Amino acid sequence: MKLLAFDRFPDQPLEKLPRVDLMVDSSVVLPGRPLFLPPVAEQYDIELLPAVKISRLGKNIAPKFARRYYDTFSLLVRVVPHGVGLSTSLLVAFDSSVAEGIFIPFPSDPVIEVALDGRVIARLTADRLLTDETVALAGKYFTLKHGDIIAPCRLTTGLTAMIDTRLTASVNGEAVVDLKIK
């Protein structure tokens, strides 16, 4: 399993050669498990990553067919060390840096509403996420396999990860993340 997180915000165009963070399976904490902050930094910023899970094998996928390759949606919580002089890959791909939410059927609603701790932080549409385009671009360079996760953009939360706090996030009112930070 691999996780590809595109380094862009909603509404930003997808670059021809975008910056993409590749994270390995040890970076991901499964739903229901706590996220332990390693002693890499004193402070961690929290990002939310809207994500889709790949449901079939694919390579060189045309954007118009990309929707056939995913059917579930969730949010990922990523912690990024604040003010540490490591390379970018080490900042985002260390062990247990991303908490996976529960994947739900991809919303058919034209608008995906994302709430964090009960406060709506984003209203996203498919054209803002560019999900089909990012899945197609990822399939140009990687063979996409069942279980791979594609995060087409990131949302800043303005929150700092603090030990012994609970973080919840929902999509269209359905809870997908309930995370204890330790």
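Owing to the predicted nature of the structure, the values given are computational and were not obtained by experimental measurement.
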Between Ile149 and Glu100, does the side-chain contact (heavy atoms from CB on, under 4.5 Å) criterion hold? Intermediate values first, please.
CA-CA 10 Å; Ile149 298 172; Glu100 181 180 307; 3.6 Å; yes
For the pair Leu167 and Thr165, evaluate side-chain contact (heavy atoms from CB on, under 4.5 Å) and give the outcome as yes or no after the intermediate values.
CA-CA 7 Å; Leu167 184 72; Thr165 59; 5.9 Å; no
Run the salt bridge (charged side-chain N to carboxylate O under 4.0 Å, His left out) check on Asp132 and Arg67 step by step: do they pass?
CA-CA 6 Å; Asp132 292 344; Arg67 181 64 183 87; 5.6 Å; no
Evaluation steps, salt bridge (charged side-chain N to carboxylate O under 4.0 Å, His left out), between Asp7 and Arg154
CA-CA 7 Å; Asp7 187 19; Arg154 63 187 171 108; 2.6 Å; yes
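Formation of a donor-acceptor pair under 3.5 Å by the Asp45 side chain with backbone atoms of Thr160 is not found in this model. A distance-only check finds no donor-acceptor pair linking the side chain of Arg78 to the backbone of Leu49 [under 3.5 Å]. A donor-acceptor contact shorter than 3.5 Å is absent between the side chain of Thr156 and the backbone of Gly158. With Thr134 contributing its side chain and Leu130 its backbone, the two residues share a donor-acceptor pair below 3.5 Å. With hydrogens and angles disregarded, no donor-acceptor distance shorter than 3.5 Å links the side chain of Thr72 to the backbone of Ile104.
Phe73 and Pro107 get closest at one heavy-atom pair: CB-CD, 3.8 Å. Closest approach of Ser97 to Met23, counting heavy atoms only: OG-SD, 4.4 Å. Taking both residues in full, the closest heavy atoms of Ala161 and Val79 are given as CB-CG1, 4.0 Å, listed atom of the first, atom of the second, then distance. The heavy-atom pair separating Leu76 from Leu3 by the smallest distance is CD1-CD1, 3.6 Å. Residue Phe94 comes nearest to Pro38 through the heavy atom pair CE1-CG, 3.6 Å, listed as atom of the first residue, atom of the second, then distance.
Among residues two or more places apart in sequence or in another chain, the salt bridge (charged side-chain N to carboxylate O under 4.0 Å, His left out) test is passed with Asp178 by Arg166. Applying the salt bridge (charged side-chain N to carboxylate O under 4.0 Å, His left out) rule to Asp95 yields no partners; only residues at least two apart in sequence or on another chain are considered. For Glu174, there are no salt bridge (charged side-chain N to carboxylate O under 4.0 Å, His left out) partners, not counting sequence neighbours.
Counting only heavy atoms from C-beta outward, the side chains of Ile181 and Met162 never approach each other to under 4.5 Å. Looking only at side-chain heavy atoms (C-beta outward), Tyr70 and Ile150 stay at 4.5 Å or farther from each other.
The cationic group of Arg128 does not satisfy the cation-pi geometry with Phe9, failing either the under 6.0 Å distance to the six-membered ring centre or the 45° limit from the ring axis.
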